[in-house]
Amino acid sequence: MKHVAMNPYLPLYEYIPDGEPRIFGDRLYVYGSHDYAGGALGFCPGDYMVWSAPLSDLGDWRCDGVGYPRSSCPEPLKENDAMAAPDVVQGVDGRYYLYYNANENHCHIGVSERPEGPFLPYGDVCREDGTPYTDYKMFDPGVLVENGKAYLFIGFCMPGPVPERFKKAGAKFPQYSLGFELASDMKTIVKGPVNVIPGGNVTEGTGFEGHGFYEASSPRKINDSYVMVYSSELSHEMVYAIADEPLGPYTYKGTLVSCADFGYKGNTVPVMPYGNVHGGMVQLNGDWYIFYHRHTSGQEASRQGCAEKLPILKDGWFGQAEITSCGLNNGPLLAEGSYNACYCCHLTSPQIPDKRLTTRECRRETEPHIYEEAVGMKETEYLHYLAQIGTDTVVGYKYFSFDKPVLVWVRLRGMADGMVSVCVDKPDGEELDGKEFYLEGDWKEVCLDISKVSGVHALYFRFQTTGPIQFENLRFE
């Protein structure tokens with residue numbers, strides 16, 4: 001029997017953002033950064049972990065271990081230094097190459113005989129004389145191997161002036177994302193840099209207005225076209241452009257996903273706490289998916305990987321995906337058994353401001369958030385729940401399939417009284433039931449009657465409370 005696939009697709013204790021999906025053999029591999037729960041050390045402080053799943057069962061994820069440890073980085077890294085978003089491709093020689101950027105401008109490379117690693121240091125992207133290429137910060141490398149040639153894409157184009165904290169670090173940022181052609185050794189530049197996608201400061205008259213390049217180059221070849229996926233100047237959205245040649249010129253096409261559903265069917269308000277986003281595309285069993293990440297713990301640097309199926313437009317290209325709880329499941333979740341509350345795809349509250357999360361402000365004490373509480377010594381021994389839930393907090397799940405009358409029990413904890421109600425299809429949709437609760441510090445289940453529902457629907461839970469509470473689980477029976 002196949003495993004249930006959900007968002008996030010990895011276990012709730014794992015924080016792998018910036019996920020690049022790659023198919024090698026009969027498995028889907030994801031290569032990403034490595035955040036920690038809570039985000040106290042900032043972005044990407046962990047070793048590169050490799051996770052994979054069989055193409056026949058996209059809910060059966062396996063941790064393949066540390067693919068590349070921080071100790072292998074040639075730069076000296078402090079505890080909170082970022083070893084940022086990597087990419088992995090199979091080279092023209094059949095080996096697997098990992099590309100990443102850390103503190104300095106270099107693009108470092110690891111190599112392995114296997115897609116899961118371990119990857120061993122291979123050197124840096126370099127000029128033809130063998131010296132490392134450091135003219136610009138080689139940030140967020142994305143790599144494409146096509147027709148025996150390799151192409152590298154990098155860039156970080158923050159709109160507006162470069163902040164002083166980046167100037168002091170000595171990083172050099174171009175106004176465009178940059179592309180290079182590499183030799184068959186997978187590291188020597190034979191062409192470039194070439195301007196690829198304009199950053200937000202130089203989009204006027206280009207067709208990229210409002211969606212200029214920010215970071216996260218992720219190239220793909222689809223049919224006869226080259227597709228560049230990237231994070232736009234809005235930061236919360238993955239968008240794409242297409243070209244006839246790997247190095248362009250590229251034409252803007254549209255949004256693939258927003259981690260707050262901005263723009264989906266005209267939506268203008270965030271449906272989740274949001275910050276930056278990074279990911280890539282992959283075709284799975286005939287359908288195209290966009291991988292991205294969501295934010296937890298009331299700040300920006302504690303991120304978990306998610307994925308959504310992409311709709312296909314009349315012209316054959318991609319529309320914007322809706323963020324859901326079911327992700328790679330290729331259909332709704334069954335309304336049976338239990339689900340952790342942290343698989344929500346909608347979390348709104350008057351206490352959540354309409355502004356993005358950052359690493360410089362932790363909002364855990366003031367607004368609802370996805371949280372992890374240690375209950376043992378192992379990384380798998382954690383309790384996951386939604387914390388700091390207050391009055392008019394709404395928690396939503398898309399989608400469940402109902403084939404028989406059911407009740408749903410919600411598991412709550414806190415020192416508060418209040419009411420929880422459940423609506424169908426929309427946050428302000430038809431109310432199915434509502435019940436009062438009285439919490440005295442221990443976990444308690446509250447039963448809601450949703451037996452009138454049949455077919456496929458979203459569920460939304462709205463809370464009224466006299467104080468902050470926690471929501472750990474929903475259980476159907």
If you measure from the Lys or Arg side-chain nitrogens to the Asp or Glu carboxylate oxygens, is any gap between Glu75 and Arg70 under 4.0 Å? no
Could you name each residue pair satisfying side chain to side chain donor-acceptor pair (under 3.5 Å) that touches residues 84-95, not counting sequence neighbours? Arg22-Asp87, Gln90-Tyr96, Asp93-Arg95, Asp93-Tyr97, Arg95-Tyr97
Are the charged groups of Arg62 and Asp64 less than 4.0 angstrom apart, N to O? yes
Please report whether the ring centroid of Phe180 lies less than 6.0 Å from that of Phe153. no
May I ask you to check whether Phe262 and His236 place their ring centers less than 6.0 Å from one another? yes
Going by the angle between their ring planes, with limits at 30° and 60°, are His369 and Tyr371 parallel, tilted or perpendicular? perpendicular
Is the Tyr9 to Trp61 ring centre distance short of 6.0 Å? yes
Check for me whether the distance between the ring centres of Tyr252 and His211 falls short of 6.0 Å. yes
Does a sphere of radius 6.0 Å around OH in Tyr136 hold more than 12 heavy atoms from other residues, nucleotides or ligands, not counting ones at 6.0 Å or beyond? no
Tyr13 ring center within less than 6.0 Å of Tyr382 ring center: no
Does Lys2 come within less than 4.0 Å of Asp57, counting only side-chain N to carboxylate O? no
Classify the angle between the aromatic ring planes of Phe476 and Phe400 as parallel (below 30°), tilted (30 to 60°) or perpendicular (above 60°). perpendicular
